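Note sheet for the following structure.
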Amino acid sequence: MSAPAFSAIDHAHMAYALRLAERGLFTTQPNPRVGCVIAHGADVVGTGWHQRAGEPHAEVFALREAGTRAHGATAYVTLEPCAHHGRTPPCADALIAAGVARVVIAAEDPFPQVDGRGIGKLRAAGITVESGLMREAARELNIGFFSRIERGRPFVRVKLAMSLDGRTALANGESKWITDEAARADVQRWRARSSAILSGSGTVLADDPRLTVRLPSGEAFPPPLRVVLDRQLRTPAGSHVLDGTTPSLLLHAATVTPDHRFERVEHAVVPEQGEALDLAAVLALLAGRGCNEVHVEAGPTLCGALFTAGLVDELLLYVAPVLLGDRARPLLQLPTLTDMAERWQLRPVEQGQVGNDWRLRLRPL
């Protein structure tokens, strides 16, 4: 069967729905970010987006705004409407009850309780359903959700900052600050959209990071889970990650037992692989907790181990126009290569300037 032919009006309404969905960038997890536009031709009669998990979905807000004008209209939804009772009633039922004539969907929902059931229910009610309009943009907006449902692990984004000569810190470990304030503020927004911020005990010992989000706008959103891989439970008492201000999770080996230092934070055992925690098991555990996007801020050892294991989905790299010299610390700790054919190849997704620095987003080929 040939793909549906979408009009310029269809494209305009779906683009609007995607912009609406993006308003939930920091607030919907573990749910996907979804937008909805209800229209008669070019005339928009209702709009909505999913704002927070447990609250009404995008379709409900759009139908409320449209009222009786939804009858006979087309609903543009960035993700297949749900067909099951979760914390909210099925959106497919709401669209049917409102009498919409057509539903255009950007991306199908792979969640097992939906996965075609929403489309099936709408069609069974006599509604015309077409899908695939701006599918890639819709999947990109929810790249972590699709990763968790389809691959069983979160989308892993590794953030690093380096000098022009590829160094992340001086030989003595000093790294504050390679980049300027604008780049550091930009990082906060990438942290905010993540379900978890992951680091290693080496970084905690060296820098005592807070691993929290500090947005100047004061936007309200669920704080990301702070996750520390601490195989031998070396995190000192008084560390910021133990302060209880936002949720923390320390992952350690079965051979060590948490003591009084960890009374205010959650901790869990993860299998070991050699002399380190099993990184695939770490990600499976986080997926089980509903984590969609994991933002990694760690040193060259952990970041290098994630790359070596093939578990990095995106590198968020800030490059400062400074030089630190060949004795400064390298970007990543990777195995020695003996053939150029073995090199790690990345493709640029986005590049631009942030203040005086450059931001690159790259994904493994």
Side-chain angles (χ1 to χ4, degrees), residues 22 25-27 29 144 155-229 239-243 245-248 293-304 306-307 312-325 328-332 346 348-363:
E22 195 170 359
L25 194 65
F26 303 153
T27 58
Q29 54 198 330
F155 183 88
V156 176
R157 180 179 291 110
V158 170
K159 172 263 170 181
L160 290 166
M162 72 175 193
S163 62
L164 277 177
D165 49 352
R167 304 293 167 164
T168 61
L170 299 180
N172 62 9
E174 183 182 348
S175 61
K176 295 183 178 179
W177 297 100
I178 291 177
T179 55
D180 283 348
E181 186 176 346
R184 300 197 297 274
D186 188 64
V187 170
Q188 298 299 320
R189 301 192 70 81
W190 290 98
R191 285 185 176 188
R193 66 173 286 167
S194 304
S195 305
I197 302 172
L198 184 146
S199 194
S201 58
T203 298
V204 171
L205 288 167
D207 300 333
D208 191 21
R210 295 184 183 275
L211 301 181
T212 55
V213 178
R214 298 173 293 280
L215 292 177
S217 59
E219 296 169 74
F221 56 90
L225 176 68
R226 299 182 291 184
V227 181
V228 177
L229 306 191
S239 298
H240 287 129
V241 293
L242 303 180
D243 61 17
T245 56
T246 62
S248 294
E293 296 181 26
V294 171
H295 177 94
V296 181
E297 293 195 22
T301 302
L302 176 54
C303 291
L306 286 164
F307 264 98
V312 175
D313 297 304
E314 183 170 282
L315 174 61
L316 178 65
L317 181 64
Y318 294 85
V319 183
V322 298
L323 299 170
L324 298 184
R329 297 190 178 184
L331 185 69
L332 295 167
L346 307 172
V349 175
E350 180 190 47
Q351 51 192 325
Q353 193 164 351
V354 180
N356 293 322
D357 307 305
W358 294 276
R359 185 185 72 195
L360 305 175
R361 287 172 56 218
L362 308 112
R363 293 178 183 171

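Below, all heavy atoms of this structure are taken into account, side chains as well, without hydrogens, waters or symmetry copies. Just so it is clear, the structure is predicted and the values come from calculations on it, not from any experiment.
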Check whether [X] reaches the backbone of [Y] with its side chain - one donor and one acceptor, N or O, closer than 3.5 Å.
X      : Y      : value
Arg226 : Leu211 : no
Asp165 : Leu323 : no
Asp357 : Asp180 : yes
Asp243 : Thr245 : yes
Thr203 : Ala298 : no
Gln188 : Leu215 : no
Asp208 : Ser239 : no

Can you tell if the side chain of [X] reaches within under 4.5 Å of the side chain of [Y], non-hydrogen atoms only?
X      : Y      : result
Leu229 : Leu198 : yes
Arg359 : Thr179 : no
Pro348 : Arg361 : no
Val213 : Phe221 : yes
Thr212 : Pro223 : no
Ser248 : Val228 : no

Nearest 0.5 Å, what's the [atom1]-[atom2] distance between [X] and [Y]?
X      : Y      : atom1 : atom2 : answer
Phe155 : Arg363 : CZ    : CZ    : 4.5 Å
Leu360 : Gln351 : CG    : CD    : 6.0 Å
Leu346 : Leu317 : CG    : CG    : 9.5 Å
Leu316 : Glu350 : CG    : CD    : 9.0 Å
Leu331 : Cys303 : CG    : SG    : 8.0 Å
Leu362 : Asp313 : CG    : CG    : 13.0 Å

query: Between Lys159 and Asp186, is there a side-chain N and carboxylate O pair less than 4.0 Å apart?
result: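 Here Lys159 does not pair with Asp186 in a salt bridge, since their nearest N and O are not under 4.0 Å apart.
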message: Among Glu293, His295, Gln29, exactly one meets side-chain hydrogen bond (donor to acceptor under 3.5 Å, both in side chains) together with Arg193. Which residue is that?
response: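 In the set Glu293, His295, Gln29, the residue that makes a side-chain hydrogen bond (donor to acceptor under 3.5 Å, both in side chains) with Arg193 is Glu293.
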message: Looking at every heavy atom in both Ala169 and Ala328, which two are closest together, and how far apart are they?
response: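 Closest approach of Ala169 to Ala328: O-CB, 3.0 Å.
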- prompt: Do you know which two heavy atoms are closest between Ile178 and Ala320, and how far apart they sit?
  reply: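 Nearest pair, atom of Ile178 first, then Ala320: O-CB, 3.3 Å.
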- request: For Thr301, enumerate each residue passing the side chain to side chain donor-acceptor pair (under 3.5 Å) test, keeping only those at least two apart in sequence or located in another chain.
  value: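 Side chain to side chain donor-acceptor pair (under 3.5 Å) check on Thr301 returns nothing, list empty.
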Partners meeting side chain to side chain donor-acceptor pair (under 3.5 Å) with Arg329 (sequence neighbours left out):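 Side chain to side chain donor-acceptor pair (under 3.5 Å) list for Arg329, sorted by chain: empty.
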- prompt: Do other residues, nucleotides or ligands put more than 12 heavy atoms under 6.0 Å from the CZ atom of Arg184?
  reply: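 Counting other residues, nucleotides and ligands, CZ of Arg184 exceeds 12 neighbours.
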- prompt: Is Gln353 atom CD crowded by more than 12 heavy atoms from other residues, nucleotides or ligands, each under 6.0 Å away?
  reply: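 Count over threshold, so yes.
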